[in-house]
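Quick note: numbers below take in every heavy atom, side chains included, and nothing from hydrogens, waters or symmetry partners. Small disclaimer: the values here were computed from a predicted structure and weren't measured.
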Amino acid sequence: MASGSLNGRLLALAAVWVTAALVIAGIFLTDLFRRHAEADLARRMGHQLDELAAALEVGTDGRLAVTRDPGDPRFHRPLSGLYWEVMVGDAEVLRSRSLWDQTLALPVDRPESGELHRHELTGPGGERLVAWERALELSGIDLPVRVAVIADAADVQAATADFSQVLALSLAILAAGLMAAAVAQVRLGLVPLRSMRKALAALRAGTATRLEGRFPDEVQPLADDLNQLLAENAAMVERARAEAADLAHALKTPLAVIANAVSAGGPDAAGTVAREADRMQRQIERHLARARAAAAGRTLGSATAPALATLRPLAAAVQRLHADRGIRIELSGDPGIRIRGDAQDVQEMAGNLIDNAAKWGRSLVRVGVTQAGAVAVVTVEDDGPGIPPGRRATLPERGRRLDETVPGTGLGLAISDELARLHGGSLRLDDSPLGGLRATLELPAVPPQASRGSA
């Protein structure tokens, strides 16, 4: 039940809490009633004690007498459970008729004059009795006079037991009503989830393309997120189909040229095949990069490792590649900066820029990583000849190269620019303080607080 049924878990939790609350309430109310009953008994016995004390009188012969009995008739009925005694010192001199021929031994006590003491005794039949005693000073009697009224505690116990039975029945009825209300509440509360389940079934059956219906405020965000995810997946599939169609169309012409060159033969056939194969390779690389970037840009929660850790091995590899020219690559920045997106795409974007800078730089390439709010900024600078401002705008075009003597396909900047835009960023080219070109790559970053929290 705990893991398989939300309905069962909610009802079980409600049953546990209702039972616990009502049991605690029952114990508390029963104890409260018992205390009230005992306090009421003590109040009534106090009145009886005052009435008995007021009726005491010392005769001319020095003997103590009760001029009138307390009004409760149980004081006259033998062994009724309600008694009184008057003692001078520790010796009994007077007692109620209800004691008959019995004597109740009060504990040896020396209460102050007028002070009320409470004792528990054992009655004539072994029952539990409660006595309230007060000491008086009467003229004509040298010893203190102890006046006591005694009551059977069974009355309080019986009243408490009766109250407990009625209370238990009442709480049981209340528990049944609360559980019925809980069942109704759970069933009504889970109706939106059942509606969502039907909507998902329609989605699986192909009769719907999104979750239809209006849900409560607590569930509607989940439905909206699911609909957004469905729309993004559909768009991703559509983009994949378009990319496949574009790639097929782009490869159709080079393949036809290759087929014609092979069938025609001639001395230039090998060169034609090589050129068209290189053209096909460019198209494949370009479309694969676009497809991977489009998918990575829509992946929920995707984020690179810290940017410096991602770029450090790349910079080291490029520096080794150009070691014969003495190119030095310096890397700096905050090690905690994280870029949203696929790590391989970040390496490809920055790797193209670093490789281009190393090709054109004379001795130094400087790579920096900074963050401005939600934007990570990767700058790649070189001390090469630079590029005239008028020609910078055409560089990100595919296949565009400034110098055919420098190795490359001309796709590096184009791929970096397109990958940056697919990730929601941009690529900008301007002058570097080193004298050459500065490429600035701006990409969405993990906010600083989130970066620290995930570190």
Side-chain angles (χ1 to χ4, degrees), residues 28-167:
F28 173 76
L29 291 175
T30 300
D31 183 69
L32 187 64
F33 178 84
R34 179 185 59 79
R35 291 174 180 271
H36 172 74
E38 290 178 348
D40 181 68
L41 178 62
R43 179 182 55 80
R44 289 187 286 108
M45 290 299 98
H47 293 328
Q48 298 286 1
L49 187 60
D50 292 341
E51 186 178 354
L52 179 62
L56 291 177
E57 186 176 284
V58 180
T60 56
D61 57 356
R63 298 183 66 181
L64 191 62
V66 176
T67 58
R68 63 182 181 279
D69 287 337
D72 196 316
R74 288 179 295 172
F75 284 119
H76 301 279
R77 191 169 62 248
L79 304 179
S80 63
L82 191 62
Y83 318 105
W84 59 262
E85 280 187 334
V86 178
M87 304 176 65
V88 177
D90 293 329
E92 181 189 62
V93 293
L94 296 172
R95 64 175 178 269
S96 65
R97 189 175 181 183
S98 57
L99 275 174
W100 198 245
D101 59 351
Q102 301 289 325
T103 299
L104 296 177
L106 290 175
V108 177
D109 198 5
R110 296 290 184 270
E112 298 294 330
S113 178
E115 186 179 7
L116 184 65
H117 281 197
R118 182 181 181 277
H119 306 289
E120 292 192 3
L121 311 174
T122 301
E127 68 274 20
R128 175 174 168 266
L129 302 178
V130 182
W132 287 266
E133 174 193 358
R134 179 173 291 156
L136 303 175
E137 293 182 359
L138 300 178
S139 59
I141 298 179
D142 298 333
L143 296 175
V145 178
R146 300 170 64 189
V147 183
V149 291
I150 304 100
D152 192 342
D155 293 342
V156 173
Q157 295 173 351
T160 303
D162 292 341
F163 176 80
S164 298
Q165 292 177 358
V166 175
L167 180 63

For D162, the side-chain hydrogen bond (donor to acceptor under 3.5 Å, both in side chains) test, sequence neighbours excluded, returns none

When every non-hydrogen atom of D155 is compared with those of R74, the smallest separation belongs to OD2-NH1, 3.9 Å

Rounded to the nearest 0.5 Å, the NE2 atom of H117 sits from the CD atom of E133 at a distance of 7.5 Å

Smallest heavy-atom separation, A153 atom then V130 atom, equals CB-CG2, 4.0 Å

Between S164 and the options V166, L167, T160, the side chain to side chain contact (heavy atoms under 4.5 Å, CB included) test singles out T160

Inset, instruction - Kindly check if the number of other-residue, nucleotide or ligand heavy atoms within 6.0 Å of NE2 (H36) is above 12? - result: no

CZ of R68 to CG of L52, rounded to nearest 0.5 Å, is 10.0 Å

Taking every heavy atom of L64 against every heavy atom of L94, the minimum-distance pair comes out as O-CD1, 3.8 Å

Taken to the nearest 0.5 Å, the spacing of E57 CD from L138 CG works out to 10.0 Å

Closest non-hydrogen atoms of W100 and P78, given as atom of the first, atom of the second and distance, are CE3-CG, 3.8 Å

In short, I150 meets E85 closest at the heavy-atom pair CD1-N, 4.4 Å

By side-chain hydrogen bond (donor to acceptor under 3.5 Å, both in side chains), Q165 pairs with (sequence neighbours left out) none

side-chain hydrogen bond (donor to acceptor under 3.5 Å, both in side chains) filter on S98, not counting sequence neighbours, yields S96

Sorted by chain and number, sequence neighbours left out, side-chain hydrogen bond (donor to acceptor under 3.5 Å, both in side chains) with D152 holds for none

For residues 135-164, the ring pair (Phe, Tyr, Trp, His ring centres under 6.0 Å) pairs (sequence neighbours left out) are F33-F163

Distance col, row L104:CG vs T122:OG1, nearest 0.5 angstrom, shows 9.5 Å

The complete set of side-chain hydrogen bond (donor to acceptor under 3.5 Å, both in side chains) pairs with one or both residues in residues 39-53, sequence neighbours excluded, reads D40-R43, D40-R44, D50-R134

CD (E127) and CD (Q157) are apart, to the nearest 0.5 Å, by 11.0 Å

Distance col, row L136:CG vs R146:CZ, nearest 0.5 angstrom, shows 11.5 Å

Note to self: If you apply the rule side-chain contact (heavy atoms from CB on, under 4.5 Å), what do you find for V147 with W84, and how did you get there?
What the structure shows: CA-CA 8 Å; V147 183; W84 59 262; over 6 Å; no

Looking only at heavy atoms, the pair that brings M45 and V149 closest together is O-CG2, 3.5 Å

